[in-house]
Trainee: 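I'd like to ask you about the structure that follows.
Residue numbers count from 1 along this sequence.
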Amino acid sequence: MLFRSWTSTEPVTFEGKHYQVRDVNFWPKPVQSPPPIWFGGTSPSIRRGVAQLGDGWAPAAPQLGGFTAEFFRESLDAIRASAKEQGRGEIRSGGLFLTSISENSKDIDATVALLNQKPDYAGMSLADINARGTMMIGDPDQVCRAIEPYAKAGVEEVNM
């Protein structure tokens, strides 16, 4: 249904096991035909889905309390190997990172102090928070340094 809605100029109806839609229009139409399909998420089923059906993988760092650059690299390698075994092409990679960027050190300190009030971040330093893989906080250089391990691990595109 989704693919037909990307190409059809007429409304699309679909009646499946889990959902039904009637007379759905989808505008504007994608520029690419078909558009690339990107998956988010870090679960094993999502990673299998990327290898089987996806064009890219861009998990959101806050999922499951963050993910390390090492987890990203290992997962991306496994996804790409599985895709290759299935005769599929290259899988692109990206990541969504929550960021707080400021040139003002007081703003940065206030953000860390606010996070330290949450049990999951209690007592964590700026470096600890950035290494956790859920948020990237600091001045532009600090945030770039925090993202760098992910770039080395294979993140090609970043959403902030």
Trainee: Measuring from atom CE of Met124 to atom CG of Asn116, what distance do you get when rounded to the nearest 0.5 angstrom?
Mentor: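 It comes to 8.5 Å.
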Trainee: Going by the rule ring-ring contact (aromatic ring centres under 6.0 Å, His included), which residues pair with Tyr150 if we only count those two or more places apart in sequence or in a different chain?
Mentor: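 Residues passing ring-ring contact (aromatic ring centres under 6.0 Å, His included) with Tyr150: Phe67, Phe97.
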Trainee: Using the rule that Ile, Leu, Val, Met, Phe, Trp and Tyr join whenever any side-chain heavy atoms are under 4.5 Å apart, tell me whether Leu126 and Leu114 fall into a single cluster.
Mentor: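 No.
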Trainee: Which residues satisfy the side-chain contact (heavy atoms from CB on, under 4.5 Å) test with Lys152, sequence neighbours excluded?
Mentor: Glu148
Trainee: Could you give the side-chain donor-acceptor pairs of residues 45-52 under 3.5 Å, partners two or more places apart or in another chain?
Mentor:
{"residue": "Ser45", "atom": "OG", "partner": "Ser43", "partner atom": "OG", "Å": "3.2"}
{"residue": "Arg47", "atom": "NE", "partner": "Thr42", "partner atom": "O", "Å": "2.9"}
{"residue": "Arg47", "atom": "NE", "partner": "Ser43", "partner atom": "O", "Å": "3.3"}
{"residue": "Arg47", "atom": "NH1", "partner": "Ser75", "partner atom": "OG", "Å": "3.2"}
{"residue": "Arg47", "atom": "NH2", "partner": "Thr42", "partner atom": "O", "Å": "3.3"}

Trainee: Taking atom OG1 of Thr7 and atom NZ of Lys29, what is their separation to the nearest 0.5 Å?
Mentor: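 With rounding to 0.5 Å, OG1 (Thr7) is 7.0 Å from NZ (Lys29).
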Trainee: With sequence neighbours excluded, what pairs up with Pro119 under the side-chain contact (heavy atoms from CB on, under 4.5 Å) test?
Mentor: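 Pro119 satisfies side-chain contact (heavy atoms from CB on, under 4.5 Å) with no other residue.
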Trainee: From Thr9 OG1 over to Trp27 CH2, what is the distance, rounded to the nearest 0.5 angstrom?
Mentor: 6.0 Å
Trainee: I'd like to know if the side chain of Asp23 and the backbone of Val12 have a donor-acceptor N/O pair within less than 3.5 Å.
Mentor: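 Judged by distance alone, no pair lies under 3.5 Å.
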Trainee: Taking only residues two or more places apart in sequence or in another chain, which ones pass salt bridge (charged side-chain N to carboxylate O under 4.0 Å, His left out) with Asp77?
Mentor: Arg73
Trainee: If the condition is side-chain hydrogen bond (donor to acceptor under 3.5 Å, both in side chains), which residues does Gln86 pass it with, not counting sequence neighbours?
Mentor: Ser82
Trainee: Counting C-beta onward and ignoring hydrogens, is there a side-chain heavy-atom pair between Arg22 and Phe14 closer than 4.5 Å?
Mentor: no
Trainee: For Gln142 and Asp139, indicate whether the former's side chain and the latter's backbone hold a donor-acceptor pair under 3.5 Å.
Mentor: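 Checking the backbone N and O of Asp139 against the side chain of Gln142, a donor-acceptor pair under 3.5 Å is found.
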Trainee: Please list, chain by chain and in numerical order, all residues satisfying side-chain hydrogen bond (donor to acceptor under 3.5 Å, both in side chains) with Asp109, sequence neighbours excluded.
Mentor: none
Trainee: Return the OG to CE distance between Ser100 and Met160, rounded to the nearest 0.5 Å.
Mentor: 11.5 Å
Trainee: So, taking the atom named OG1 in Thr99 and the one named CE in Met136, what distance separates them when rounded to the nearest 0.5 Å?
Mentor: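 Reported to 0.5 Å precision, the distance equals 9.0 Å.
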Trainee: Sub-3.5 Å donor-acceptor pair from the side chain of Asp55 to the main-chain atoms of Ile37, do we have one?
Mentor: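 Looks like yes, one N/O pair under 3.5 Å.
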Trainee: Name all residues meeting the side-chain hydrogen bond (donor to acceptor under 3.5 Å, both in side chains) criterion together with Thr111; count only those two or more places apart in sequence or in a different chain, and write none if there are none.
Mentor: none
Trainee: Please list all pairs passing the salt bridge (charged side-chain N to carboxylate O under 4.0 Å, His left out) test where one or both residues lie in residues 122-137, with sequence neighbours left out.
Mentor: none
Trainee: Return the minimal non-hydrogen interatomic distance between Ala69 and Pro149, and the atom names on each side.
Mentor: CB-O, 3.6 Å
Trainee: Rounded to the nearest 0.5 Å, what separation is found between the CG atom of Asn159 and the CH2 atom of Trp38?
Mentor: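 With rounding to 0.5 Å, CG (Asn159) is 8.5 Å from CH2 (Trp38).
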Trainee: Can you get from Ile108 to Tyr121 by hopping between Ile, Leu, Val, Met, Phe, Trp and Tyr side chains that sit under 4.5 Å apart?
Mentor: yes
Trainee: Go through the structure and list residues passing side-chain hydrogen bond (donor to acceptor under 3.5 Å, both in side chains) with Gln32, not counting sequence neighbours.
Mentor: none
Trainee: If the condition is side-chain contact (heavy atoms from CB on, under 4.5 Å), which residues does Arg80 pass it with, not counting sequence neighbours?
Mentor: Leu76, Glu90, Ile91, Ser93, Glu156
Trainee: Walk me through it: do Leu115 and Ile129 pass the test side chain to side chain contact (heavy atoms under 4.5 Å, CB included)?
Mentor: CA-CA 9 Å; Leu115 284 171; Ile129 293 168; 4.0 Å; yes
Trainee: Not counting sequence neighbours, which residues clear side-chain contact (heavy atoms from CB on, under 4.5 Å) with Pro140? List them please.
Mentor: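 If we apply the side-chain contact (heavy atoms from CB on, under 4.5 Å) test to Pro140, skipping adjacent residues, the hits are Ile101, Glu103.
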Trainee: Gly89 and Ala83: which non-hydrogen atoms are nearest, and at how many Å?
Mentor: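 In terms of heavy atoms, the two residues are closest at O-CB, 4.2 Å.
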